[in-house]
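Please read all numbers here as calculations on a predicted model, not as lab measurements.
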Amino acid sequence: MSAPVWAVMPAAGRGSRFGGEIPKQYLVAAGKPLIAHALDALLAHPRVAGAMIALAADDARWPGWSERQGKPVLRCVGGGERADSVLAALRALPDTVGDDALVLVHDAARPNLRRPDIDALIAAAEAEPDGAILGAPLRDTLKRAHDGRILSTEPRDGLWRAFTPQAFRRGALTAALRDAAVAGLVVTDEASAMEYAGLHPRLVEGREDNLKVTTPADLALAEYLLGKV
């Protein structure tokens, strides 16, 4: 029997880049908050046993879910940075989730996750000791700029966009995030912490419509995509 997988979701951010008073994870698209879409996509997967959500201490918008898709939804207090929230959530997971258990870290504002991508990610992460992440190769031409003017065209060979979920063993990711914090390194995703630890996670090509809502235009696109399901 396959070992259960847990999901971790950092959701303590304010969404300042989006603007407005409502943190972006609580913005509504296709009839429910982005965080609900993201959670349901994870918890609907048969391998995912439950989710731990890291929330801001003063989050008054959390709907109080303790269960979705028939699976437990637990919560803890997150931190000021994404990495702080992920580390808090990892430490708050139930004792039954061992250090070797696979954990999927997913953005609360990335609502359009599909099951085949989760399947591929879990398969890769279970086969790779360094873990795995979803992503996609860069296809656009890249320009380096200064003061709004092009300085140069940058080669895109070998460059990928990093998505979530990102999948790692609980113990290894906890240690990597802890060590990065002690070193004063601000990591913007979990793979960065693993890289700092000297590891080389596998890249798994996923759907490019697994977008993260960062701007109002992203929200409109997410609404459209979710409505097509």
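When side chains are defined from C-beta on, Leu221 does not count as touching Val213, because their heavy atoms never get closer than 4.5 Å. Side chains of Pro165 and Leu113 form a contact here, defined as non-hydrogen atoms less than 4.5 Å apart. For the pair Leu74 and Pro94, the minimum side-chain heavy-atom distance is below 4.5 Å. The side-chain heavy atoms of Ser66 and Val73, taken from C-beta on, include no pair separated by under 4.5 Å. Asp99 has its side chain out of reach of Arg169: every pair of non-hydrogen atoms, C-beta onward, lies at least 4.5 Å apart. Within the 4.5 Å cutoff, side-chain heavy atoms of Leu226 are placed close to those of His37. The shortest side-chain heavy-atom distance between Met52 and Leu93 falls under the 4.5 Å cut-off. At least one side-chain heavy atom of Met9 sits under 4.5 Å from a side-chain heavy atom of Leu42.
Taking CD of Glu128 as the reference point, atom CD of Glu126 lies at 12.0 Å (rounded to 0.5 Å). Between atom CZ of residue Arg91 and atom OG1 of residue Thr174 there is a gap of 7.0 Å, rounded to the nearest 0.5 Å. Taking CG of Leu34 as the reference point, atom CG of Leu219 lies at 6.0 Å (rounded to 0.5 Å). Ile150 contributes atom CD1, which lies 13.5 Å from atom CG of Asp147 (distance to the nearest 0.5 angstrom).
Here the closest heavy-atom approach between residue Val48 and residue Lys71 is recorded as O-NZ, 2.7 Å. In terms of heavy-atom proximity, Ala191 sits nearest to Phe168 at CA-CZ, 3.9 Å. Across every non-hydrogen atom of Ala49 and Trp6, the tightest pair is CB-NE1, 3.7 Å. The shortest non-hydrogen separation linking Val187 to Ala193 is CG1-N, 3.9 Å. Considering all non-hydrogen atoms of both residues, Ala54 and Ser85 come closest at CB-O, 3.5 Å. The two residues Trp160 and Val204 have their closest heavy-atom pair at CZ3-C, 4.1 Å.
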Given side-chain contact (heavy atoms from CB on, under 4.5 Å), test Ile35 with Tyr26 step by step and report yes or no. CA-CA 6 Å; Ile35 191 172; Tyr26 295 123; 4.1 Å; yes
Between Glu205 and Arg139, is a salt bridge (charged side-chain N to carboxylate O under 4.0 Å, His left out) present by the stated rule, with each step listed? CA-CA 13 Å; Glu205 186 166 357; Arg139 296 181 171 91; 2.8 Å; yes
Salt bridge (charged side-chain N to carboxylate O under 4.0 Å, His left out) between Lys32 and Asp40: does it pass, once the steps are laid out? CA-CA 11 Å; Lys32 60 185 183 181; Asp40 287 345; 2.7 Å; yes
Can Tyr224 and Asn112 be said to form a side-chain hydrogen bond (donor to acceptor under 3.5 Å, both in side chains), step by step? CA-CA 10 Å; Tyr224 171 77; Asn112 200 41; over 6 Å; no
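No more than 12 heavy atoms of other residues, nucleotides or ligands shown are found within 6.0 angstrom of CZ on Arg202.
Under 4.0 Å is where a charged nitrogen must lie from a carboxylate oxygen, and between Arg207 and Asp209 at least one such pair does. Look at Glu190 and Arg170 and you find no salt bridge, because none of the NZ, NE, NH1 or NH2 atoms lies under 4.0 Å from a carboxylate O. A salt bridge is absent between Asp119 and Arg47; no separation between the charged side-chain nitrogens and carboxylate oxygens falls under 4.0 Å.
By the criterion of side-chain heavy atoms lying less than 4.5 angstrom apart, applied directly or through intervening Ile, Leu, Val, Met, Phe, Trp or Tyr residues, Leu87 is grouped together with Met194 in one hydrophobic cluster. Hydrophobic cluster membership is shared by Tyr196 and Val86, with clusters built from Ile, Leu, Val, Met, Phe, Trp and Tyr side chains linked at under 4.5 angstrom. The hydrophobic clustering, which links ILVMFWY residues whose side-chain heavy atoms are closer than 4.5 Å, places Leu225 and Val28 apart. In the hydrophobic cluster analysis, where Ile, Leu, Val, Met, Phe, Trp and Tyr join through side-chain heavy atoms closer than 4.5 angstrom, Leu121 is grouped apart from Leu203. Grouping the Ile, Leu, Val, Met, Phe, Trp and Tyr side chains by contacts below 4.5 angstrom, directly or via other members, places Leu55 with Ile22.
Between the side chain of Arg156 and the main chain of Asp140, a donor-acceptor pair closer than 3.5 Å is present. Put simply, the side chain of His45 never gets that close to the backbone of Ile118: no donor and acceptor are under 3.5 Å apart. No donor-acceptor pair closer than 3.5 Å links the side chain of Asp117 to the backbone N or O of Arg114. At distances below 3.5 Å, at least one donor-acceptor pair connects side-chain atoms of Gln25 with backbone N or O atoms of Ala11. At distances below 3.5 Å, not a single donor-acceptor pair connects side-chain atoms of Glu154 with backbone N or O atoms of Lys143. Remark: the backbone N or O of Thr214 is paired with a side-chain donor or acceptor of Asp218 at under 3.5 angstrom.
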N/O donor-acceptor pairs under 3.5 Å from side chains in residues 101-109, not counting sequence neighbours:
| from | atom 1 | to | atom 2 | distance (Å) |
| --- | --- | --- | --- | --- |
| His106 | ND1 | Thr164 | OG1 | 2.7 |
| His106 | NE2 | Arg110 | O | 2.9 |
| Asp107 | OD1 | Arg82 | NH1 | 2.5 |
| Asp107 | OD1 | Arg82 | NH2 | 3.2 |
| Asp107 | OD2 | Arg110 | NE | 3.0 |
| Asp107 | OD2 | Arg110 | NH2 | 3.2 |
| Asp107 | OD2 | Thr164 | OG1 | 3.3 |

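The side-chain contact (heavy atoms from CB on, under 4.5 Å) search around Ala51 returns Ala7, Leu39, Leu43, Ile53, not counting sequence neighbours. Shown here are the side-chain contact (heavy atoms from CB on, under 4.5 Å) partners of Asp130, two or more places apart in sequence or in another chain: Leu199, His200.
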